[in-house]
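Data first, discussion second: the structure below is written as structure tokens.
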There are 2 protein chains.
Amino acid sequence: MAQKVKLSTIADALGLSTATVSLALRDSPLVADVTRERIKDAARELGYIYNRRAASLRTSRSGIVGVCVHDVMNPFYGEILKSIETELDRQRQTFILCNHHDDLSKQRSFVDTLLQLGADGLIMSPALGTPAADIRLAEDNDLPVILIARTIDGAGVHGFRGDDAYGMGLAVDHLVSLGHRSIAMIGGTHATSTGREREAGYLAGLERGGIAFQPRWRIEGPRDRHSGFDSAATFLAMPDRPTAIVCFSDLVALGLMYGLARGGVRPGIDVAVVGYDDIDEAEIATPPLTTVSNGQSEVGECSARALIDRLQGTTASEQTTLIQPELKVRRSCGAGA
Amino acid sequence: MAQKVKLSTIADALGLSTATVSLALRDSPLVADVTRERIKDAARELGYIYNRRAASLRTSRSGIVGVCVHDVMNPFYGEILKSIETELDRQRQTFILCNHHDDLSKQRSFVDTLLQLGADGLIMSPALGTPAADIRLAEDNDLPVILIARTIDGAGVHGFRGDDAYGMGLAVDHLVSLGHRSIAMIGGTHATSTGREREAGYLAGLERGGIAFQPRWRIEGPRDRHSGFDSAATFLAMPDRPTAIVCFSDLVALGLMYGLARGGVRPGIDVAVVGYDDIDEAEIATPPLTTVSNGQSEVGECSARALIDRLQGTTASEQTTLIQPELKVRRSCGAGA
DNA sequence: GGAGAGGCCGAAATCGCTTGCAATTTCCGT
DNA sequence: ACGGAAATTGCAAGCGATTTCGGCCTCTCC
């Protein structure tokens, strides 16, 4: 390009001042319609490119929102992101993504970047072990934070997540109603609030069903497909195997089912399997996966909207809003359509 | 926060000028070691946050790189992204992600955003039908572009992708060597260069094997899991079914296998299935998926590096670099480990 | 003890846009 | 036609960091 086109270029070309041009381009009522059109035409013609850095330096509004999750490739977050994206697009906010992979230092450097860029807000599913102080740091520097999926005690910011304990209870209750008296839980750990909640729901469900929990029924682990796959071997090697399994997530369940199948055990026939999240793939899996819908899109939508509200000045809530989960009965639990 | 801490805040606190502070923080040799340390300590103490907008306004370097692909949830792109991320992190560049979902207008507005933010570069897998002019627009406005996965004729920018035709040929050759004489191809369309290349490779493979292509063997379609699942029905309904199937991608193959299984046809036993991409999941699928490794991480790494090179002044290449694919034989083709 | 050489540091101009306020023009009613 | 309200437009001061240049100090060495 020959020369950068800026406001003054347009102003000079039209014999106006940059002020008028600026106002016109932003559709201010202060400039006459004809002038505005003339200006817009000229801008288009000259190939003017709005310089957001300069603008935001002046206005301290960058139009950037950060989104930080464990891993976007995880379908669970993927669906949340999709609705966040839709909502943010509508507000003409650009969003910057970061996978922290539960690495605290990575998360910190991301937050730092956002601060440097003067981001308008941050929606995050905090990494394991994130101290409340990290959240405060952001908030104290005018970066509003909304938490999703996970909670942090004492952070004092608005959050959205599914009611994990209740949802997992739904799954266990269902299995109990099908007559199962020994139910394992695979995947997840105490390290995350989600892990703790879902395990609590599992235990509570057992108790409601009058079933005594056996420690060996609980196989902890990461939350991905591979981990589920690997857990299959552990499960298959169990003497006196449980007749049903609830999984921390669909991904774990899907991996587990691959593993069970390879071990000659048919999910949905030889053993009941239930997942959690109701990701797209659950429906077409073999067998279709019974699971708990966790309201991902609702979480995404609500969090984006909550952030936008805060940007527009509404005062912040400090509560965590729970989204109601829902059981989706399919074939993998042995019942179902 | 009480008051924003800026360079002058530090300068005042220490009785220095902002110039010295700026220089010190950027490790310039122009400032004495002791002074530098004093300044850095003060900055830390005061909670100074570097304002990139201001800096980039002055330097016209933003430290932002845009990455635009079809869909990050697609594991194929996911793996590319992972290596791009690693490489860019190393250069302390922030990256902004965009899923264009093959929507040209979405892609355009993303490019526009990057231009406004003064991004340093763009790595993209262009949406269907992206005209070369779109790429030129970016380049003309000082936004270097690197193309991945797909090519655009006449764009004249550097690109990286797997050698799709060759790779698909590998798959077909392998099936032929196993004795298959009727091979279907499922998924993909002519709309993308990838689709055309892979189909060409398929046809060439058939020809090498002395097999006459039958039009009904080609089931076109989108490139996701659902589409593969749906194609299973079409395939199963075929009179005189082919004994082997090559798929446009692993995702399609995986969905297809779910569909075949549901139809009572066992992949790897009743019909040979081969995927493309070698995503993580291929290895643990039931049966493990024979596929063609497409060098995703290499594409990611190379493209990021190429961009960085350009940022550092190396002149741009205009070629498309092909990455050599590799066949991974597993169970789904009926041979394999 | 004085001059020259370096090493450090400060003043000030810029980057491009926004915006409160002042200045100018247009337009009415009477 | 005239005064003043209404409608437009222009001025200029920032936003915060970078960077060139000139100037001040120390040191060193003769």
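Every heavy atom of this structure was used, including side-chain atoms; hydrogens, water molecules and symmetry mates were not. A, B, ... follow the sequence lines: proteins, then strands. Residue 1 opens every chain.
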key: Sub-4.0 Å heavy-atom contacts from residues 31-42 of chain A onto DNA chain C, ordered by number   = none
request  = Under 4.0 Å between any heavy atoms, over every strand shown, what does G15(B) touch: base, sugar-phosphate, or nothing? Just pick one.
outcome  = sugar-phosphate
Charged N-O contact under 4.0 Å between D41(B) and R36(B) = no
request  = Evaluate the side-chain proximity of N51(B) to Q116(A): yes if any heavy-atom separation is below 4.5 Å, no if none is.
outcome  = no
Protein N or O to nucleotides 17-21 of chain D N or O, pairs below 3.5 Å:
residue, atom, partner, partner atom, Å
dA17(D), OP1, Y48(B), OH, 2.6
dA17(D), OP2, L7(B), N, 2.6
dT18(D), OP1, R26(B), NE, 3.2
dT18(D), OP1, Y50(B), OH, 2.9
dT18(D), OP2, S22(B), OG, 2.7
dT18(D), O2, R58(B), NH1, 2.1

inquiry  = Can you see whether T20(B) engages S17(B) through a side-chain donor-acceptor pair at a distance of less than 3.5 angstrom?
reply    = yes
query = To the nearest angstrom, how far is L16(B) atom CG from dC8(C) atom P?
reply = 14 Å
query = In this structure, which one of C302(B), S303(B), P144(B), S317(B) forms a side-chain contact (heavy atoms from CB on, under 4.5 Å) with H158(B)?
reply = S317(B)
inquiry  = When you compare the side chains of S56(A) and R53(B), does any donor N or O come within less than 3.5 Å of an acceptor on the partner?
reply    = yes
task = Side-chain contact test, heavy atoms from C-beta onward, threshold under 4.5 Å: evaluate it for V65(A) versus I96(A) and give yes or no.
result = no
message = Could you tell me if R161(B) and T151(B) have a donor-acceptor pair between their side chains, going purely by distance under 3.5 Å?
response = yes
ask   = Does some side-chain heavy atom of N99(B) sit less than 4.5 Å from a side-chain heavy atom of Y77(B)?
value = no
task = Could you check how far CZ of R61(A) sits from P of dC15(D), rounded to whole Å?
result = 19 Å
query = Atom CG of L14(A) to atom P of dT9(D): distance rounded to whole Å?
reply = 11 Å
Atom pair distance, as rounded to whole Å: CG in L57(A) and P in dG14(D) = 14 Å
Whole angstrom value for the distance that separates P of dG16(C) from CG of L25(A) = 16 Å
query = Do NZ/NE/NH1/NH2 and the carboxylate oxygens of D27(B) and K40(B) come within less than 4.0 Å?
reply = yes
Atom pairs under 3.5 Å, N or O on each side, protein against nucleotides 23-27 of chain C: can you list them with distances?
none

key: R90(B) with E87(B): basic N within carboxylate O range, under 4.0 Å   = yes
task = In plain terms, say whether D71(B) and R223(B) are close enough for a salt bridge, that is, a side-chain N and a carboxylate O under 4.0 Å apart.
result = no
